[in-house]
Protein chains: 2
Amino acid sequence: MRLVVARCQVDYAGRLTAHLPMATRVIMRKNDGSVLVHSDGGSYKPLNWMSPPCKVAEGTSEEGVPEWLVTGKDGDTLRILLEEVLHDSAHDLGVDPGLQKDGVEKHLQELLAEHPATLAEGLTLVRREFPTAIGPVDLMCRDAEGRSVAVEIKRRGEIDGVEQLTRYLELLNRDPQLRPVRGIFAAQEIKPQARVLATDRGIACAVVDYDALRGMDDPTERLF
Amino acid sequence: MRLVVARCQVDYAGRLTAHLPMATRVIMRKNDGSVLVHSDGGSYKPLNWMSPPCKVAEGTSEEGVPEWLVTGKDGDTLRILLEEVLHDSAHDLGVDPGLQKDGVEKHLQELLAEHPATLAEGLTLVRREFPTAIGPVDLMCRDAEGRSVAVEIKRRGEIDGVEQLTRYLELLNRDPQLRPVRGIFAAQEIKPQARVLATDRGIACAVVDYDALRGMDDPTERLF
DNA sequence: ACGTCCATCTCGAGT
DNA sequence: ACTCGAGGTGGACGT
């Protein structure tokens, strides 16, 4: 890892062309050749960058200014003109042990699979990831009367989740073995527009309390 | 901007929880309070981070190890334990003049607006960004028989683009002035699943050749 | 402020 | 290798 602070101008050409006028920025050069150009604002996304695999050629521009020419795999190029280098240091970081994530939608799905009755009175699980031609339905259940219920689970319930469940229901209701199939749209939070669309299509909405579900969960079943 | 290289452990708690074991990493602290933790690989996305607005409290852990506690707006927290600091420098970058971008979907829309007949024989443009209650239709056209045609343009044609066009068509076909309105889904590349869905809904697909369109384009109309 | 949609998206899982 | 869906998506542009 090499960290450089410099007055620089950056030009990218690839899927699009992008230009950064001369200014002071931080340039991060990773060991895999990738380059990130950061300013002192914005979010985690660099102003300009080159993803690996790529390589850097250090040279000099026609005006005698130091220049880095980064070339990516699809002929993408990133050209960095270094007018003035204010800082330059290299660091051996070693290999990172990596990020450990815990749960989002998957965990929510596990919890709801264990406690389907929290979605609707008398609901029982048929199976998780119920396969269809256009993808798996998160939970396939049966209600107290033995009718099929398809459940789509999202962390945040938005309009595209309703569209997705609608497609599943459309397909599932063509199957004489299953029909009639109704839908439940389950999420920790359901946006008003999604709720309106769901209701309009006869899909029930269920707001789930993640923490409450975790409380119901038996911790002895898990390792963490 | 402050750049720190340190052996550190990082824990995030917010929408999810994520843990980084003790290892050497680069920590970037921007002036707006945001923090980025980078390793020597991956792409431009940090291993862990906190987006602005947020603030950092520098303290000491129970074991007497320096600790940064970053708190975000939704109660998100990022805790960084600094076991050993290998580098620490601060830099005044000033305000960045910002990135200038050119091209992609917008340009494609301009080109197709100039050459609608490449989408379908005899097609003529009515207007770009044709307004509807649920958003603008990319191109509203008329075919050789004078019937309305709504065109949705994407760089890559995926399923959600078909959904989008479907919603437009559903709405447009309620308008007695316009109906019947048919749809064309135009993209540089159309995914098989998107094509299947479009065909099933009676929407035509058009694969557009960006470079060929650029060739047809009159360069004297542009500045670049 | 919220909603919608694009992105040099990135990233991971499944086929 | 490719495809598909999710993201602590981020960011721009509209109402």
Side-chain angles (χ1 to χ4, degrees), chain A residues 10-18 34-37 41-52 54 70 72-78 98-99 101-106 108-109 129 131 134-136 138 152-156 158-161 163-164 191-194 196, chain B residues 11-18 34-37 41-52 54 70 72-78 98-99 101-109 129 131-136 138 152-156 158-161 163-165 167-168 187 189-194 197:
Chain A
V10 186
D11 290 278
Y12 169 78
R15 307 281 268 272
L16 54 71
T17 58
S34 60
V35 179
L36 284 63
V37 180
S43 184
Y44 63 69
K45 195 176 179 181
L47 291 169
N48 231 326
W49 73 94
M50 183 67 77
S51 303
C54 64
V70 192
K73 59 181 172 309
D74 296 320
D76 296 19
T77 58
L78 188 71
L99 186 66
K101 281 190 185 183
D102 168 29
V104 227
E105 188 186 311
K106 194 182 164 198
L108 202 56
Q109 191 192 106
E129 302 285 350
I134 56 171
D138 287 340
E152 175 64 34
I153 303 166
K154 294 284 177 210
R155 188 172 55 78
R156 285 186 336 203
E158 298 179 19
I159 213 161
D160 58 341
E163 297 283 18
Q164 194 180 339
K191 293 286 168 70
Q193 297 219 355
V196 168
Chain B
D11 290 279
Y12 168 78
R15 307 286 261 276
L16 55 72
T17 59
S34 60
V35 179
L36 284 63
V37 180
S43 185
Y44 65 68
K45 195 176 179 182
L47 291 168
N48 232 328
W49 72 95
M50 184 66 78
S51 303
C54 65
V70 192
K73 57 180 174 310
D74 297 320
D76 296 19
T77 58
L78 189 71
L99 186 66
K101 281 189 186 185
D102 167 33
V104 226
E105 187 188 311
K106 194 182 161 200
H107 195 194
L108 199 57
Q109 191 192 105
E129 302 285 349
T132 77
I134 55 171
D138 286 340
E152 175 64 33
I153 302 166
K154 294 283 177 213
R155 190 168 57 79
R156 286 186 341 202
E158 298 180 19
I159 214 159
D160 58 342
E163 297 286 15
Q164 194 180 338
L165 179 52
R167 288 198 297 273
Y168 288 141
E189 173 200 359
I190 295 179
K191 295 287 167 69
Q193 296 218 356
L197 185 63

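Numbered from 1 within each chain, the chains take letters A, B, ... in sequence-line order. The basis for the numbers below is simple: all heavy atoms, side chains too, and nothing from hydrogens, waters or symmetry mates.
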- How long is the span from the OG atom in B:S34 to the CG atom in B:L78, to the nearest 0.5 Å? 11.0 Å
- Give one of base, sugar-phosphate or nothing for B:Q164, where a contact means two heavy atoms less than 4.0 Å apart. sugar-phosphate
- Message: Check whether B:Y168 reaches the backbone of B:P136 with its side chain - one donor and one acceptor, N or O, closer than 3.5 Å.
- Response: yes
- Item | Length of the line joining B:K73:NZ and D:dG10:P, which is rounded to integer Å | 7 Å
- Looking at A:K45, does any N or O in its side chain come under 4.0 Å of the phosphate oxygens OP1/OP2 on C:dT8? yes
- Of D:dC4, D:dG8, C:dC5, the nucleotide closest to the side chain of B:K191 is D:dC4
- Give one of base, sugar-phosphate or nothing for A:M50, where a contact means two heavy atoms less than 4.0 Å apart. nothing
- Message: I'd like to check the salt bridge (Lys or Arg N to Asp or Glu O under 4.0 Å) partners of B:K191; sequence neighbours left out, ordered by chain and number.
- Response: B:E158
- Item | C:dA7 OP1/OP2 closer than 4.0 Å to side-chain N/O of B:Y44 | no
- Query: Whole Å only: how far is the CG atom of B:L16 from the P atom of C:dC11?
  - Reply: 15 Å
- Note on the structure: In whole angstroms, the gap separating P of D:dG5 from CD of B:E163 amounts to 11 Å
- Item | N or O in side chain of A:K101 less than 4.0 angstrom from D:dG8 OP1/OP2 | yes
- Contacts of type salt bridge (Lys or Arg N to Asp or Glu O under 4.0 Å), residue A:D11, not counting sequence neighbours: A:R79
- Query: According to a 3.5 Å limit on both distances, what stems of 3 or more consecutive Watson-Crick or G-U pairs are formed with DNA chain C?
  - Reply: C:1-7 with D:9-15, C:9-15 with D:1-7
- Task: Answer yes or no: does a side-chain N or O of B:S51 lie under 4.0 Å from OP1 or OP2 of D:dG8?
- Result: no
- Message: Using whole Å, what does the distance between atom P of nucleotide D:dT9 and atom CG of B:L36 come to?
- Response: 16 Å
- Item | Atom-to-atom span, CG of B:D138 to C1' of D:dG14 - whole angstrom | 14 Å
